[in-house]
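Throughout, protein chains are lettered first and strands after them, A, B, ... in sequence-line order, and every chain is numbered starting at 1.
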Number of protein chains: 2
Amino acid sequence: MSNNECSIQQTLDVIGDRWMLLIIRNLFRGARRFGELEEDLGIAKNLLTARLNKLVGAGIAERVPYQERPLRHEYLLTQKGRDLSPSLVALMKWGDRWCNDGSAPTVLVHSDCGTPLMQVTHCPTCDDSLDPGQIRSRPGPGAQEALR
Amino acid sequence: MSNNECSIQQTLDVIGDRWMLLIIRNLFRGARRFGELEEDLGIAKNLLTARLNKLVGAGIAERVPYQERPLRHEYLLTQKGRDLSPSLVALMKWGDRWCNDGSAPTVLVHSDCGTPLMQVTHCPTCDDSLDPGQIRSRPGPGAQEALR
DNA sequence: AGAGTCAGTTGCAAAAGTAAACTGACTCCC
DNA sequence: GGGAGTCAGTTTACTTTTGCAACTGACTCT
């Protein structure tokens with residue numbers, strides 16, 4: 001019913017498995033090579049292979065050779081991948097608050113000034129940040145086009 | 001290595017499977033009953049049972065009787081569950097942009113004024129919104145306490 | 001030549017997911 | 001009061017996906 005109306009479904013089809021976001025998190029932190037990811041995550045090699053192929057196929061990461069003979073690649077986030085940053089930040093914040101008593105094991109800071117960051121849902125009209133009760137969903141432009 | 005330092009891992013342990021976030025999304029949208037979730041999502045009944053138990057066990061949803069004879073429950077998000085809103089919003093935005101050409105099938109609006117919302121990562125010191133390149137991670141208060 | 005590294009592939013057992021049938025406690029209607 | 005229907009599951013049989021370990025291939029280093 002509400003499935004195809006919603007981007008959450010489509011997003012989760014791509015990155016909604018147990019490993020994807022963890023791999024992406026490590027790519028954000030600077031991991032690039034197969035072995036590096038494998039060791040950090042403790043993921044089985046075949047799964048890592050499959051996941052990296054999926055990431056590359058989805059355009060979230062790209063495979064770039066860093067040496068010939070033997071040919072070796074590294075995996076870099078594309079813009080599409082880097083754009084997952086807010087999602088990771090949001091999930092991390094939730095974990096900080098609800099799985100770690102509000103004390104963050106890792107904290108995100110502004111690279112310029114070192115201030116810990118906030119993530120907010122913002123209404124441009126009211127110029128205010130909102131909580132969940134003030135958010136409604138409604139069909140957007142994509143849905144309207146399908147009806148015409 | 002970096003596993004336990006990070007709340008993303010812990011968050012995904014709780015809600016990082018294919019169904020959890022979709023169930024939570026539907027709870028956000030007002031679904032409350034077993035059959036409602038089952039039909040909307042197309043999830044197998046046994047999985048829905050297992051997932052709802054996990055959500056209740058994790059304190060993300062609570063099971064509240066809405067009738068006796070026969071006893072029937074509905075599932076409501078707790079504060080912990082409602083607090084996943086920013087994560088869902090972020091994932092949805094990503095899907096809008098990257099899976100739907102930027103046109104949102106469903107759009108989130110401010111209930112007061114109807115304006116479509118933005119989600120931003122914000123530096124309270126600089127009073128500015130940031131992009132991923134300006135974000136660094138470092139050990140937080142949880143980790144620091146362990147060092148003192 | 002032998003040992004080591006890196007990035008995978010292959011094979012198999014275990015776990016998780018799916019679909020469909022079944023259960024139990026009721027209500028509704030003739 | 002008997003039959004049909006609803007709702008929220010449970011059970012069962014089957015398929016798919018994981019996870020682990022061992023193996024491969026192309027090299028380098030000593």
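- With hydrogens and angles ignored, the 3.5 Å screen pairs no side-chain donor or acceptor of A/D83 with any backbone N or O of A/Q79.
- Side-chain atoms of A/Q134 come within 3.5 Å of backbone N or O of A/D131 as a donor-acceptor pair.
- Nucleotide C/dG8 holds its P atom 10 Å from the CD atom of A/E38, rounded to whole Å.
- What separates CG of B/N53 from C1' of C/dA16 is a distance of 16 Å, to the nearest Å.
- In this structure a side-chain-to-backbone donor-acceptor pair under 3.5 Å is present from B/T78 to B/I60.
- Between atom OG of residue A/S129 and atom CD of residue B/Q119 there is a gap of 11.5 Å, rounded to the nearest 0.5 Å.
- Regarding B/E74, its CD atom lies at a distance of 10 Å from the P atom of D/dA8, rounded to whole Å.
- Looking only at distances, a side-chain donor or acceptor of B/T11 sits under 3.5 Å from a matching main-chain atom of A/L91.
- One can place CG of B/L41 at 14 Å from P of C/dG17, the figure rounded to the nearest angstrom.
- Atoms CD (A/E36) and P (C/dA7) sit 9 Å apart, rounded to a whole Å.
- B/Y66 has a side-chain polar atom (N or O) that falls below the 4.0 Å cut-off from OP1 or OP2 of D/dA8.
- The main-chain N or O of B/L77 is found under 3.5 Å from a side-chain atom of B/R82 such that the two form a donor-acceptor pair.
- With hydrogens and angles disregarded, a donor-acceptor distance shorter than 3.5 Å links the side chain of B/E36 to the backbone of B/R32.
- Rounded to whole angstrom, the span from the CG atom of B/L48 across to the P atom of D/dT10 amounts to 11 Å.
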Annotated protein contacts, base or backbone, on nucleotides 16-30 of chain D with a non-hydrogen cut-off under 4.0 Å, one of B, S, - each: --SBB----B-SS--
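- The nearest whole Å value for the distance from the NE2 atom in B/H73 to the P atom in C/dC26 is 13 Å.
- Although no hydrogens or angles enter the test, the distance criterion places a donor-acceptor pair under 3.5 Å between the side chain of A/Q67 and the main chain of A/P70.
- Judged by distance alone, with hydrogens and angles left aside, the side-chain atoms of B/K80 form a donor-acceptor pair with the main-chain N or O of B/A58 at under 3.5 Å.
- Rotation axes derived from the C1' atoms of the five outermost pairs at either end of the helix from C/dA1-D/dT30 to C/dC30-D/dG1 lie 10° apart, to the nearest 10°.
- Regarding contacts with the backbone of D/dA8, a side-chain N or O of B/R33 is found under 4.0 angstrom from either OP1 or OP2.
- When the C1' atom of D/dA8 is taken as reference, atom CZ of B/F34 falls 6 Å away, rounded to whole Å.
- Contact annotation: B/Y75 side-chain N/O to D/dA8 OP1/OP2 distance is not under 4.0 Å.
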